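Keep in mind the model is a prediction, meaning the values are calculated, not measured.
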Amino acid sequence: MSMDRIQQLQRFLDEDPTDSFTRYALGLEYASRGDFTQAAAIFEQLIKDDPAYIPSYQQLGYTYQKMNRQEEARKIFRRGVAAARAHNDVHAMSEMQQALDEMEE
(Lines give C-alpha, C1' and ligand atoms only; values in the text may rest on other atoms or scores of the structure.)
Protein backbone atom coordinates (compact mmCIF):
# COMPACT_ATOMS: atom_id res chain seq x y z
CA MET A 1 0.00 0.00 0.00
CA SER A 2 2.62 2.57 1.01
CA MET A 3 4.77 1.72 -2.01
CA ASP A 4 1.84 2.82 -4.18
CA ARG A 5 1.79 6.10 -2.26
CA ILE A 6 5.53 6.53 -2.79
CA GLN A 7 5.15 5.85 -6.52
CA GLN A 8 2.27 8.31 -6.71
CA LEU A 9 4.28 11.02 -4.95
CA GLN A 10 7.27 10.26 -7.16
CA ARG A 11 5.08 10.79 -10.24
CA PHE A 12 3.98 14.18 -8.86
CA LEU A 13 7.65 15.05 -8.32
CA ASP A 14 8.55 14.00 -11.84
CA GLU A 15 5.98 16.56 -13.04
CA ASP A 16 7.25 19.30 -10.67
CA PRO A 17 10.61 18.50 -9.01
CA THR A 18 10.56 21.81 -7.13
CA ASP A 19 7.28 21.13 -5.27
CA SER A 20 8.41 21.30 -1.63
CA PHE A 21 5.11 19.96 -0.27
CA THR A 22 5.30 16.82 -2.42
CA ARG A 23 8.95 16.28 -1.46
CA TYR A 24 8.01 16.72 2.20
CA ALA A 25 5.13 14.24 1.84
CA LEU A 26 7.52 11.73 0.23
CA GLY A 27 9.90 12.09 3.18
CA LEU A 28 7.02 11.53 5.61
CA GLU A 29 5.97 8.43 3.70
CA TYR A 30 9.44 6.91 3.92
CA ALA A 31 9.63 7.79 7.62
CA SER A 32 6.26 6.13 8.26
CA ARG A 33 7.62 2.96 6.63
CA GLY A 34 10.67 3.06 8.90
CA ASP A 35 13.06 3.94 6.06
CA PHE A 36 14.70 6.73 8.06
CA THR A 37 17.82 6.89 5.88
CA GLN A 38 15.76 7.71 2.79
CA ALA A 39 13.50 10.08 4.76
CA ALA A 40 16.50 11.95 6.19
CA ALA A 41 18.05 12.30 2.72
CA ILE A 42 14.84 13.82 1.37
CA PHE A 43 14.43 16.26 4.29
CA GLU A 44 18.13 17.25 4.13
CA GLN A 45 17.89 18.03 0.42
CA LEU A 46 14.61 19.88 0.93
CA ILE A 47 16.22 22.13 3.55
CA LYS A 48 19.10 22.87 1.15
CA ASP A 49 16.76 23.65 -1.74
CA ASP A 50 14.00 25.43 0.20
CA PRO A 51 15.27 26.63 3.60
CA ALA A 52 11.99 28.49 4.18
CA TYR A 53 9.99 25.23 4.20
CA ILE A 54 9.89 25.05 8.00
CA PRO A 55 8.23 21.64 8.58
CA SER A 56 11.20 19.88 7.00
CA TYR A 57 13.48 20.93 9.90
CA GLN A 58 11.08 19.47 12.42
CA GLN A 59 10.68 16.17 10.60
CA LEU A 60 14.42 15.87 9.97
CA GLY A 61 15.01 16.38 13.69
CA TYR A 62 12.50 13.65 14.57
CA THR A 63 14.04 11.38 11.93
CA TYR A 64 17.53 11.92 13.36
CA GLN A 65 16.16 11.07 16.82
CA LYS A 66 14.77 7.79 15.49
CA MET A 67 18.18 7.07 13.93
CA ASN A 68 19.85 7.74 17.29
CA ARG A 69 21.70 10.74 15.85
CA GLN A 70 20.93 12.97 18.83
CA GLU A 71 23.53 15.69 18.26
CA GLU A 72 22.43 16.15 14.65
CA ALA A 73 18.82 16.28 15.85
CA ARG A 74 19.70 19.05 18.31
CA LYS A 75 21.50 21.02 15.57
CA ILE A 76 18.65 20.76 13.09
CA PHE A 77 16.04 21.64 15.73
CA ARG A 78 18.10 24.76 16.59
CA ARG A 79 18.32 25.70 12.91
CA GLY A 80 14.59 25.06 12.59
CA VAL A 81 13.77 27.26 15.59
CA ALA A 82 15.80 30.08 14.01
CA ALA A 83 14.19 29.59 10.59
CA ALA A 84 10.70 29.45 12.13
CA ARG A 85 11.41 32.62 14.12
CA ALA A 86 12.61 34.37 10.95
CA HIS A 87 9.36 33.41 9.20
CA ASN A 88 7.09 34.17 12.19
CA ASP A 89 6.01 30.52 12.41
CA VAL A 90 5.37 30.54 16.15
CA HIS A 91 3.70 27.12 16.22
CA ALA A 92 6.58 25.28 14.53
CA MET A 93 9.09 27.26 16.56
CA SER A 94 7.47 26.23 19.86
CA GLU A 95 7.19 22.56 18.80
CA MET A 96 10.86 22.37 17.86
CA GLN A 97 11.88 24.24 21.02
CA GLN A 98 9.85 21.73 23.04
CA ALA A 99 11.61 18.83 21.27
CA LEU A 100 14.95 20.47 22.10
CA ASP A 101 13.96 21.03 25.73
CA GLU A 102 12.92 17.37 26.07
CA MET A 103 16.29 16.28 24.69
CA GLU A 104 18.09 18.43 27.27
CA GLU A 105 16.22 16.88 30.21
Side-chain angles (χ1 to χ4, degrees):
M1 176 74 175
S2 50
M3 207 48 177
D4 293 338
R5 178 96 178 113
I6 285 173
Q7 289 168 341
Q8 182 181 25
L9 289 167
Q10 198 59 61
R11 275 196 296 275
F12 291 149
L13 270 184
D14 290 343
E15 292 168 21
D16 182 3
T18 63
D19 183 349
S20 295
F21 178 77
T22 300
R23 293 168 66 192
Y24 175 76
L26 186 61
L28 288 178
E29 194 62 39
Y30 277 110
S32 74
R33 289 186 357 169
D35 188 343
F36 301 123
T37 302
Q38 186 65 36
I42 290 169
F43 295 134
E44 287 164 356
Q45 191 60 50
L46 182 53
I47 288 169
K48 280 186 190 129
D49 295 342
D50 188 359
Y53 198 80
I54 307 303
S56 51
Y57 296 91
Q58 191 169 357
Q59 290 304 320
L60 180 56
Y62 293 149
T63 302
Y64 282 158
Q65 285 180 314
K66 290 175 185 147
M67 298 169 79
N68 203 25
R69 292 165 63 179
Q70 303 308 318
E71 193 49 44
E72 287 164 285
R74 280 187 197 89
K75 285 180 186 167
I76 206 68
F77 281 139
R78 285 188 199 109
R79 281 182 57 200
V81 165
R85 183 179 295 121
H87 290 87
N88 284 332
D89 188 337
V90 177
H91 181 73
M93 186 177 78
S94 67
E95 284 189 357
M96 285 184 277
Q97 186 61 57
Q98 182 180 350
L100 260 175
D101 292 346
E102 288 170 4
M103 292 181 80
E104 304 300 327
E105 287 174 1

Q: Group every Ile, Leu, Val, Met, Phe, Trp and Tyr by side-chain heavy-atom contacts under 4.5 Å, then state whether Leu46 and Phe77 land in the same group.
A: yes
Q) Do the ring planes of Tyr24 and Phe43 sit parallel (below 30°), tilted (30 to 60°) or perpendicular (above 60°)? A) tilted
Q: Test side-chain contact (heavy atoms from CB on, under 4.5 Å) on Gln58 and Ile76 and set out the steps.
A: CA-CA 8 Å; Gln58 191 169 357; Ile76 206 68; over 6 Å; no
Q | Residue pair Met96 / Ala84: nearest heavy atoms and the distance that separates them | A | CE-CB, 4.2 Å
Q. Quick one: OG1 on Thr18 to CG on Asp50, what's the gap to the nearest 0.5 Å?
A. 9.0 Å
Q: Provide the closest heavy-atom pair for Ala39 versus Thr63 in the form atom of the first, atom of the second, distance.
A: CB-CG2, 4.3 Å
Q) Same cluster or not: are Ile6 and Phe36 linked, directly or through other Ile, Leu, Val, Met, Phe, Trp or Tyr residues, by side-chain heavy atoms under 4.5 angstrom apart? A) no
Under 3.5 Å donor-acceptor pairs involving side-chain atoms of residues 98-105, not counting sequence neighbours:
unit_1	atom_1	unit_2	atom_2	d
Gln98	NE2	Glu102	OE2	3.2
Asp101	OD1	Gln97	NE2	2.9
Glu104	OE2	Arg74	NE	3.3

Q: Let me know which of Gln38, Glu44, Gln45 forms a side chain to side chain contact (heavy atoms under 4.5 Å, CB included) with Ile42.
A: Gln38
(Q) Measuring from atom CZ of Arg85 to atom CG of Asp89, what distance do you get when rounded to the nearest 0.5 angstrom? (A) 12.0 Å
Q) How long is the span from the CG atom in Asp16 to the CZ atom in Arg11, to the nearest 0.5 Å? A) 15.5 Å
(Q) Given 3.5 Å as the limit, does a donor-acceptor pair link the side chain of Gln70 with the main chain of Gln65, or not? (A) yes
Q) Yes or no on side chain to side chain donor-acceptor pair (under 3.5 Å) for Tyr64 and Gln59, after CA distance, side-chain angles and deciding distance? A) CA-CA 9 Å; Tyr64 282 158; Gln59 290 304 320; over 6 Å; no
(Q) If I compare all heavy atoms of Ser56 with all of Ile47, which pair ends up nearest, and what's the gap? (A) OG-CG1, 3.4 Å
Q.
Can you confirm whether Glu15 sits close enough to Thr22 that some side-chain heavy atom of one is under 4.5 Å from a side-chain heavy atom of the other?
A. no
Q | Side chain Tyr57, main chain Pro51, donor-acceptor under 3.5 Å | A | yes
**Q.** hydrophobic_cluster_shared for Leu9 and Leu60, side chain cutoff 4.5 Å
**A.** no
Q: Test Tyr53 against Phe21 for side-chain contact (heavy atoms from CB on, under 4.5 Å), laying out the working first.
A: CA-CA 8 Å; Tyr53 198 80; Phe21 178 77; 3.3 Å; yes
(Q) Please say yes or no: joined through hydrophobic side-chain contacts below 4.5 Å, possibly via intermediate residues, are Met93 and Ile54 part of one cluster? (A) yes
